Amino acid sequence: MLEYAATDVLHLHDLRKSLEAKINDTAVHLWPVVDLEHRMIKATAHMSAVGMPVDSGVLDECVRESREEADRKLTELDALLTAPVPEDYVKRNTKSKSVPEDRNERVNWNSPEQVLWAFREVAGLELKNTSKETLPEVDHPVAVGLLEYRQALDVYKRFRETKVVDGRVYAKWNQLKARTGRMSCEKPPLQGIPEPLRRAFVAPAGKKLVVSDLSQIEIRVLATLCGDESLRADLEAGRDVHQRVAASVFGKEFDEVTKSERKMAKALVFGTLYGLGISGFTARVNAMTGATYTQAQVQDKFRGPLFAPYPKVQEWVDRVAADYEDGKQVSYTRLGRRRLQVPSVPAALNTPIQAGATDVMKAIAVAAHEGLRPTWEIVGLVHDEILVLVPESDAVEAKDWLHHIMIKVGGEATNQGVPKAMQVEVDAGTHICDTWAEKDYPRRSP
DNA sequence: AAAGTATGCGCG
DNA sequence: AAAGCGCGCATACTTT
């Protein structure tokens, strides 16, 4: 059963009270982030109260299609395995509440254990797990079918209980739950809406969604942290950082880089930035290229050239890791957001970047909320993205207004206390949409 | 029966 | 499986 704003109204006073301790615990007193979090309380309350607009018809359709597609995949899977399942499994299936009665005698494809058994039974294959990283390497129809089944079922499984009240869903927004300071959201998790469901989130008649997302904000925060001049210059000139890394890694000219090479480089950059070790790095390279490089080869061919264009990034990674090993388990952002007892080197690398980006987005959310017109509503905050619902007649004005805040306020927060020579611009993509799905496929003409 | 852990997967 | 981070959530299975 979900909770709704109607029964779970966020009284600003209570919200503030419940957050006071957390805010003080999160930050050093008098630092800008304390003021930021206090002002953010009103934005959070506002967002919680107004809800996210959704077309319940489209939502139902997405959920229904998901279920139907999954059922088709289930039938295909069953056809591949005719052998009787072990008594033990039948017994468990019978006990399980979520297995329909007529499926007790069949493999429960939701059970990793039974899936492993199925692979053994039908193909003599001994798999280590059934994850989506493992299955694509298995040359068997069951592997394909299972991946398709899981993907098909996803929307049904996660959103069939989503309740719509007068065209809105009222989620629970948490201002200070994530250890990096990021917002989180539950029931439903509006920050985790899968792509096929995005089209269900629509502006009601007479209104428009203005959607804006920060461009490469984590990379920009990184640039202010490490002070790499060529990284700063590339961001300033609007050059594609991941493409440049790809060119270095694959020994190509910038313009020769393919889409998949860029994607690969991007994954490797973030992996390394967040403390992926050489063994994990090697596994990822081999998974992406289909090759079987050794760790030494990968070090030479991929890891070494990775940050060649941006030497200070590597220096920063090495220094943060070394400091952590020396016992420095506290992390601060420029606005004074603090995380104590950072659990690992990877987290020590990730925290200043993720928390720094959070400061930027919360500064934007606060500025937007405080400058909001009475008829405008902030309906969503998805880490580097903000959704504002406005009357259709205000759409263009609101878009310009929001875009300006993203760049101006975002830039100020990003460069707070950063030496002039290391400062980076902030950029954003801002679009007027009818549905959330349009953000990635902006319409040409309004 | 309730609570906890593991697996798997979506989003940034 | 693995030392990439931060979340929420369904399902299976175990422990209390």
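Letters go in sequence order (proteins before strands), and every chain restarts at 1. Because the structure is a prediction, the values reported are computed rather than measured.
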task: Sugar-phosphate means primed atoms, P, OP1 and OP2; the rest is base. With that split, encode nucleotides 11-16 of chain C 5' to 3' as B, S or - using protein heavy atoms under 4.0 Å.
output: SSS---

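Taking the ring centre of Phe281(A) as origin, the terminal cationic atom of Arg303(A) falls inside the region bounded by 6.0 Å and 45° from the ring axis.
Distance from the side chain of Tyr274(A) is smallest for dG4(C) among the nucleotides dG6(C), dG4(C), dG8(B). Listed nucleotides: dG8(C), dG8(B), dA3(C). Nearest to the side chain of Asn174(A): dG8(C).
If you check every strand for non-hydrogen atoms under 4.0 Å, Ala283(A) touches a base. Among the heavy atoms of the strands lying under 4.0 Å from Ser131(A) are primed sugar atoms or P, OP1, OP2 only; no base atom is included. Note on Phe281(A): nothing from the nucleic acid sits closer than 4.0 angstrom, heavy atoms only. At a threshold of 4.0 angstrom between heavy atoms, the contacts of Thr272(A) with the nucleic acid are absent.
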field: Criterion side-chain hydrogen bond (donor to acceptor under 3.5 Å, both in side chains) on Trp436(A) and Glu385(A), from CA distance to verdict
entry: CA-CA 11 Å; Trp436(A) 200 355; Glu385(A) 177 181 4; 2.9 Å; yes

- request: Kindly indicate, with the supporting measurements, whether the criterion salt bridge (Lys or Arg N to Asp or Glu O under 4.0 Å) is fulfilled by Glu186(A) and Lys177(A).
  value: CA-CA 11 Å; Glu186(A) 55 189 302; Lys177(A) 191 170 178 188; 3.4 Å; yes

Give me, pair by pair, the N or O atoms of the protein and of nucleotides 10-12 of chain B that are less than 3.5 Å apart, along with how far apart they are.
unit_1: dG10(B); atom_1: O4'; unit_2: Arg158(A); atom_2: NH1; d: 3.0
unit_1: dC11(B); atom_1: OP1; unit_2: Glu195(A); atom_2: N; d: 3.4
unit_1: dC11(B); atom_1: O3'; unit_2: Arg198(A); atom_2: NH2; d: 3.2
unit_1: dG12(B); atom_1: O3'; unit_2: Asp384(A); atom_2: OD1; d: 2.6
unit_1: dG12(B); atom_1: O3'; unit_2: Asp384(A); atom_2: OD2; d: 3.2
unit_1: dG12(B); atom_1: N2; unit_2: Arg182(A); atom_2: NH2; d: 2.8
unit_1: dG12(B); atom_1: N2; unit_2: Gln354(A); atom_2: NE2; d: 3.4
unit_1: dG12(B); atom_1: N3; unit_2: Arg182(A); atom_2: NH2; d: 2.9

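Going from atom CH2 of Trp109(A) over to atom P of dG8(B) covers 15 Å, rounded to whole Å.
For the salt bridge (charged side-chain N to carboxylate O under 4.0 Å, His left out) test, no residue two or more places apart in sequence or in another chain qualifies with Arg319(A).
In terms of phosphate contacts, Arg150(A) brings no side-chain nitrogen or oxygen within less than 4.0 Å of OP1 or OP2 of dA10(C).
Rounded to whole Å, the P atom of dT5(B) lies 23 Å from the corresponding atom of dG4(C).
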